[in-house]
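First the structure, in the form of structure tokens, and then the observations on it.
Numbers for residues simply follow the sequence, beginning at 1. In this text, all values refer to a predicted model and were calculated from it rather than measured experimentally.
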Amino acid sequence: MKIRLPASLGLALPIIQGPFGGGLSTVTLTAAVTNAGGMGSYGAHMLEPDEIQQVTDGIRRETNGPFVMNLWVDSEDKRSREADADAFHREAAKLTDVYGRCGVALPTFPRRQPVDFERQAEAILKARPPVLSFVFGIPSKEILSQCRKLGIVTMGAATTLDEALAIEAAGVDIVIATGFEAGGHRPSFLRPAADSLHGTLALVRQVVESVRIPVVAAGGIADAVGVAAALSLGASAVQVGTAFLACEESGAAPVHRRMLFRSSARHTRLSDRVTGRLARFIVTSTLEALDSHDLTQLGYPVQGELTRSLKTVEDGLFYAGQGAPLLRHHTAAELTRDLASLIR
Ligand SMILES: Cc1cc2nc3c(=O)[nH]c(=O)nc-3n(C[C@H](O)[C@H](O)[C@H](O)COP(=O)(O)O)c2cc1C
């Protein structure tokens, strides 16, 4: 099989650990995957520029191999910018029963503003990680050409064929074709996410047939057979999220990691109620309650502050992809080696 990722990366295995935003990435997980021969990623979309530098330095201290820093090109909905404390507390009051059942206090209006993408991109250009990956759009021509000059490989996520073509046309090095089986947010940027629900099998094949740049397959891949299948479709590598999130090195709460291995993870659903943007979660009674409430959407990221405390409690809100029932490994090195076991 042809592994066509840039040779400059020196990647031993075509296995990329998907980045996790919202505090779920760790330097330890990123470095562990890279040290096992794959490529670790760090979700940095909530970090200030100086934190981006610190994390990049931290990963470099733990590994000499390739790694990815990840940003969201668009991380604030218009509705969220306009949401005020009154609107927030009105929505929180509607969920009083849910907070009560989970034993958490009503949240208060967030003070922290999303960090400006341009400032984060500047920090990336300064920190010079081997790879910058991004979701929810495409960085400007200037940023992409600076990356090229500095030798930073770029990877953009596509949820449709049109998005993949736009990513290629912009001069991005690699496209990540992300099927709707995936855990985390649906990072669509041309059409609404709810109208961009292509499965990995269909999407990867279409993208491979239509672009010349290397394609990474993501969504629902959680074992060696899945990896081999993705490479058979013509993908150059895979990006695996949920299976790495379940490893002990990830930043997920212990209750979240436990849930990923339970039979309840057999049933996941896309919902926009948790953060204001469509993302996949285990169906728990908390998610069902949230989905049934008449919430006025506050938009991302303010909506997410309504539910943040529900992500670390029993029967709470847990991100998961459809591949969860295949999970077996608890450490990143074991998982990386196993994922690659049929392609060596
Ligand atoms: C909890 C969670 C958070 C995620 N956050 C990000 C993110 O910030 N940026 C990104 O590019 N992808 C993010 N992803 C997507 C993963 O990087 C990866 O593409 C996806 O999980 C692959 O599908 P899988 O979960 O079925 O393996 C996230 C996934 C999960 C499960």
- Within residues 153-173 or reaching into it, pairs that qualify as side-chain hydrogen bond (donor to acceptor under 3.5 Å, both in side chains) - sequence neighbours excluded: Arg148-Asp173, Thr154-Asp173, Thr159-Glu163, Thr159-Ser188
- Query: Would you find more than 12 non-hydrogen atoms of other residues, nucleotides or ligands less than 6.0 Å from Arg269 atom CZ?
  - Reply: yes
- Results of side chain to side chain contact (heavy atoms under 4.5 Å, CB included) for Thr108 - residues two or more places apart only: His89
- Contacts satisfying ring pair (Phe, Tyr, Trp, His ring centres under 6.0 Å) that involve residues 206-227 (not counting sequence neighbours) are none
Review item, side-chain donor-acceptor pairs of residues 44-52, under 3.5 Å, at least two apart:
| residue | atom | partner | partner atom | Å |
| --- | --- | --- | --- | --- |
| His45 | ND1 | Trp72 | NE1 | 3.4 |
| His45 | NE2 | Tyr300 | OH | 3.0 |
| Glu48 | OE1 | Arg119 | NH2 | 3.4 |
| Glu51 | OE1 | Glu48 | N | 2.7 |

- State whether Lys126 and Glu122 are salt-bridged, where the test is any N-O pair (Lys NZ or Arg NE/NH1/NH2 against Asp/Glu carboxylate O) under 4.0 Å. no
- Note on the structure: Residues passing the side chain to side chain contact (heavy atoms under 4.5 Å, CB included) test with Val73, sequence neighbours excluded, are Phe117, Phe134, Pro139
- Query: Which atoms form the tightest heavy-atom contact between Ile174 and Val216, and what is the distance?
  - Reply: CG2-CG2, 3.6 Å
- For Phe318, which of Leu310, Thr268, Val255, Leu287 qualifies under side chain to side chain contact (heavy atoms under 4.5 Å, CB included)? Val255
- So which residues get pulled into Phe180's cluster when ILVMFWY side chains under 4.5 Å apart are joined, directly or through others? Leu197, Leu270, Leu278
- Query: Do Asp77 and Gln303 pass the side-chain contact (heavy atoms from CB on, under 4.5 Å) test, and can you show the C-alpha distance, the side-chain angles, and the key distance before you say yes or no?
  - Reply: CA-CA 10 Å; Asp77 294 342; Gln303 174 97 8; over 6 Å; no
- Set of side chain to side chain contact (heavy atoms under 4.5 Å, CB included) partners for Leu201, sequence neighbours left out: Leu233
Donor-acceptor contacts, no H, no angles, side chain residues 218-227, under 3.5 Å, sequence neighbours left out:
| residue | atom | partner | partner atom | Å |
| --- | --- | --- | --- | --- |
| Asp223 | OD1 | Val225 | N | 3.4 |
| Asp223 | OD1 | Gly226 | N | 2.9 |

- Could you pull out all residues at least two apart from Lys141 that satisfy salt bridge (Lys or Arg N to Asp or Glu O under 4.0 Å)? none
- By side chain to side chain contact (heavy atoms under 4.5 Å, CB included) - contacts of Ala12 (at least two apart): none
- Query: Can you pull the side-chain hydrogen bond (donor to acceptor under 3.5 Å, both in side chains) pairs that have at least one residue in residues 240-267, sequence neighbours excluded?
  - Reply: Arg258-Glu314
- Query: Who pairs with Glu76 by salt bridge (Lys or Arg N to Asp or Glu O under 4.0 Å), at least two apart in sequence or on another chain?
  - Reply: Arg81
